[in-house]
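Every value quoted in this text rests on a predicted model; they were computed, and no experiment measured them.
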Amino acid sequence: MARTTMIAVLAAGVFAAASLPAQARGAGEAGELEAARANARAGGPVSERDAELLERWGCLSGTDSKFCRKLSQKARAREDRRRDR
């Protein structure tokens with residue numbers, strides 16, 4: 001294969017990979033979770049999916065948003081109920 005043809009094929013592959021959504025490239029739910037946590041640090045979840053991920057996996061400690069404080073209060077209440085049993 002000629003050098004210029006090989007470079008063109010590689011460039012096309014790089015462009016195709018870069019144009020795929022993050023989920024298709026392998027980031028999956030972990031990438032979505034990190035984006036949701038970044039949105040929470042910036043003020044709160046921006047979508048229902050962000051809220052769902054934060055409810056399931058939690059915010060990072062020290063995140064100062066109303067949504068994360070509410071989640072942390074719910075978690076503390078659950079722990080208290082478990083200890084009372």
Side-chain angles (χ1 to χ4, degrees):
M1 185 179 293
R3 183 180 177 118
T4 55
T5 306
M6 187 171 20
I7 291 172
V9 169
L10 287 173
V14 168
F15 177 75
S19 65
L20 291 173
Q23 190 173 18
R25 288 194 306 255
E29 191 166 310
E32 288 183 85
L33 174 60
E34 288 307 312
R37 286 177 170 167
N39 290 335
R41 286 191 305 272
V46 295
S47 67
E48 288 184 27
R49 179 66 176 156
D50 282 359
E52 175 189 341
L53 289 167
L54 292 171
E55 286 173 355
R56 184 182 311 153
W57 300 106
C59 299
L60 294 176
S61 64
T63 301
D64 188 30
S65 78
K66 185 177 180 180
F67 184 84
C68 292
R69 283 192 300 269
K70 190 168 79 173
L71 284 179
S72 130
Q73 289 170 352
K74 286 181 184 179
R76 277 190 221 115
R78 271 194 312 270
E79 288 174 12
D80 290 342
R81 283 194 306 268
R82 286 181 190 150
R83 274 190 232 127
D84 291 342
R85 289 184 189 175

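For R82, the side-chain hydrogen bond (donor to acceptor under 3.5 Å, both in side chains) test picks out no residue, with sequence neighbours left out. Under the side-chain contact (heavy atoms from CB on, under 4.5 Å) criterion, S47 pairs with R49, D50, not counting sequence neighbours. With sequence neighbours excluded, no residue forms a salt bridge (Lys or Arg N to Asp or Glu O under 4.0 Å) with R81. Partners of A35 under the side-chain contact (heavy atoms from CB on, under 4.5 Å) rule, at least two apart in sequence or in another chain, do not exist in this structure. By the side-chain contact (heavy atoms from CB on, under 4.5 Å) test, R41 pairs with R37, A38, L60, T63, sequence neighbours left out.
The distance from atom CD of E52 to atom CD of E32, rounded to the nearest 0.5 Å, is 9.0 Å. Here CD of E55 is found 8.0 Å from NZ of K70. Values are rounded to the nearest 0.5 Å. Atom NZ of K74 and atom OG of S72 lie 11.5 Å apart (nearest 0.5 Å).
Shortest non-hydrogen contact noted between A51 and P45 is N-CB, 3.8 Å. The minimum heavy-atom distance between S65 and G44, with the atom names listed, is CB-N, 4.4 Å. The two residues L54 and A36 make their nearest non-hydrogen contact at CD1-O, 4.0 Å.
The hydrophobic cluster around W57 extends to L33, L53, counting ILVMFWY residues whose side-chain heavy atoms fall within less than 4.5 Å of a member.
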